[in-house]
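Residue numbers start at 1 and run along the sequence shown. Just so you know, ligand 1 is whichever comes first in the structure, and atom 1 is the first atom listed for that ligand. Predicted model only: the values in this text are computed from it and were never measured.
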Amino acid sequence: MVERPKGTNDYIHPESSLRKIIVEKISNFFEILGYKPIETPIFESVDLFKRSAGVVSDIVSKEMYEFQDKKGRHLALRPEITAPVVRAIIQNNLLQQQIIKLYYVGSIFRYEKPQKDRYRQATQFGVEYLGIENYIADFELIFSIYKLYQSFNLDVEIHVNSIGCKDCRPQYRQKLYEYFSKHKENLCNDCQRRLEENPLRILDCKNPNCKLISKEAPKSIEYLCQNCDKHHKELTNILKFYNVPLIENHYLVRGLDYYNRTVFEVKFEGVDLAGGGRYDYLVNQISEGKYDMPAIGFAGGLERLTNILKEKQNINKFLGENIKINLVSLTNEADKIITGIYTRIINKIAGKKNSIEVNLMKFEKLSKALKIADKMKANYTLFMGEEEIKEDEITIKNMETGKQEKIKVENFMIKFFEEIINIE
Ligand SMILES: [Zn+2]
Ligand SMILES: [Zn+2]
């Protein structure tokens, strides 16, 4: 049998239902805060990611699914969604708006070693907030993410740092270069390359030696210019004022090159749930110098959030319970009445958010219908056979209590909606 590719996943009920509910919750949450949905293609020109995330980043240099189409265009499955959204903003002339607030939910693709909660095709949700350079936008975004996870009953911590701007970062970069150069022979091969290309990357390395050396490295916070320092202090002060659990981590740099000033990660019991930061130069980079707009954003993983909710909480609380009803015709004569009842029920409930599930079925034997209803964990089996046809009745069997009663077809709809599924 052909199996699914390594690092991918099938989502089946109840997990698929849980994912759907989480996505709905996230979408509603951000729409209330003024964010509008955006969708972009799952593949883009390779250049978009090289130009934005940085050629040195692992995501672009090692993990990207690249391919050529039949005309030789060099494309990549998107490894992240911020650069595509910024590309779409520019291409669709959204920059004319002063403020742009967008959210997305979509697949990303990274060729990395599959591990728990890390898949080669993963689902990310996130927001991009463009137009405001002031720390108040950072506050709005970080505070809302904190509240989002709280709405799932997860008390997360926010790890935060500032990596400076184009004025002050070169000096910090130079200090890092000098520091890591002294330890060059103990760095891993990747980091020896990073040293020349972007020494900030080394702070992100998972290699134990590199981690040890990084512990003594200069901190970005010590090299911030006046404006960056003010921005960072104002942000951390106001977050603390509103009791957001903040951890200042001065080695936090994030895995993508386009960030500046504020970078942050959201952690729950040590596990990364989301991350993001400011990217004031990305619009300029992607538009090749044509436009400028300050921005901040974040992205979170759907798989991790789903798994934590499954581990920590009663997922039935999220899923809710459906009333499951099987509507069964047992003879050809009953078909017309049963389908008539079925269409009337559907006419009444279609498109409404009712927690009811109706299955139309036909069996020759009642025993078979009841056996299937048991397997499906149906709450009721409603059936009509030869006996019922004669009396113009339908039998309602409560599958939990085993009790059954016959009622006249003409009285059925009222009884069904008022007593069984209890909706008007
Ligand atoms: Zn600065
Ligand atoms: Zn390393």
Side-chain angles (χ1 to χ4, degrees), residues 53-63 110-113 115 118 132-139 142 160-238 248-265 272 275-285 292-296:
V55 187
V56 210
S57 68
D58 281 359
I59 291 166
V60 170
S61 66
K62 293 182 188 168
E63 298 170 356
R110 291 180 188 177
Y111 192 82
E112 56 184 344
K113 203 171 156 216
Q115 359 171 349
R118 278 186 104 105
I132 296 185
E133 195 179 3
N134 193 273
Y135 77 94
I136 211 84
D138 308 37
F139 167 71
I142 293 174
V160 66
N161 191 22
S162 175
I163 54 172
C165 66
K166 61 179 186 299
D167 297 327
C168 56
R169 193 150 39 156
Q171 196 200 348
Y172 174 56
R173 201 177 151 136
Q174 182 58 28
K175 289 287 167 196
L176 273 184
Y177 180 79
E178 286 163 17
Y179 171 80
F180 283 121
S181 294
K182 282 186 279 181
H183 302 276
K184 190 172 178 182
E185 62 279 13
N186 294 320
L187 292 172
C188 74
N189 288 338
D190 281 336
C191 284
Q192 296 196 3
R193 182 173 51 88
R194 288 173 184 137
L195 180 60
E196 301 302 327
E197 288 162 332
N198 184 358
L200 265 82
R201 282 271 81 76
I202 301 173
L203 299 172
D204 237 7
C205 185
K206 303 281 180 280
N207 180 297
N209 277 337
C210 301
K211 268 184 143 169
L212 207 66
I213 298 167
S214 289
K215 276 206 166 100
E216 305 286 320
K219 295 175 177 138
S220 59
I221 206 87
E222 291 161 4
Y223 298 89
L224 296 181
C225 67
Q226 225 176 11
N227 288 338
C228 287
D229 189 51
K230 188 164 171 273
H231 187 104
H232 186 64
K233 283 197 178 114
E234 284 171 328
L235 174 64
T236 50
N237 284 342
I238 194 167
E248 295 219 33
N249 175 352
H250 297 308
Y251 294 119
L252 181 67
V253 291
R254 304 280 305 144
L256 301 159
D257 275 358
Y258 51 64
Y259 289 118
N260 67 295
R261 286 197 174 158
T262 309
V263 287
F264 61 89
E265 281 177 355
D272 289 342
R278 198 158 256 294
Y279 53 92
D280 295 329
Y281 314 127
L282 189 59
V283 169
N284 186 288
Q285 265 174 300
D292 267 307
M293 194 176 260
I296 184 163

- Which residue pairs pass the salt bridge (charged side-chain N to carboxylate O under 4.0 Å, His left out) test with at least one member in residues 216-231, sequence neighbours excluded?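 Pairs touching residues 216-231 that pass the test: Asp229-Lys233, Lys230-Glu234.
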- Residues two or more places apart in sequence or in another chain: which of them pass salt bridge (Lys or Arg N to Asp or Glu O under 4.0 Å) with Lys62?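 Listed in chain order: Asp58, Asp190.
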- Task: Specify the closest pair of heavy atoms between Tyr223 and Gln171, including all atoms of both residues, with the distance to one decimal.
- Result: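 Scanning both residues completely, I find the closest heavy atoms to be CD2-NE2, 4.0 Å.
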- Query: Which atoms of the protein, restricted to N, O or S, are nearer than 2.8 Å to the Zn ion (ligand 2)?
  - Reply: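 Within the sphere that stays under 2.8 Å of the Zn ion (ligand 2), the protein atoms of type N, O or S are Cys188 SG, Cys191 SG, Cys205 SG, Cys210 SG.
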- Do Cys205 and Ser214 come within less than 4.5 Å of each other through their side chains, counting heavy atoms only?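 In short, these two side chains do not touch, never coming nearer than 4.5 Å.
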- Message: Measuring only between side-chain heavy atoms, which start at C-beta, is Ile213 closer than 4.5 Å to Tyr179?
- Response: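 Heavy-atom side-chain distance check passes, below 4.5 Å.
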Hey, is the main chain of [Y] close enough, under 3.5 Å, to the side chain of [X] for a donor-acceptor pair?
{"X": "Glu248", "Y": "Val160", "answer": "no"}
{"X": "Glu265", "Y": "Gly276", "answer": "no"}
{"X": "Asp280", "Y": "Ala295", "answer": "yes"}

- Message: Taking the basic N atoms (NZ, or NE/NH1/NH2) and the acidic carboxylate oxygens, is any pair closer than 4.0 Å for Glu197 and Arg193?
- Response: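 Answer for the salt bridge query: yes.
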- Query: Leaving waters out, which protein N, O or S atoms fall under 2.8 Å from the Zn ion (ligand 1)?
  - Reply: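 The answer is Cys165 SG, Cys168 SG, Cys225 SG, Cys228 SG.
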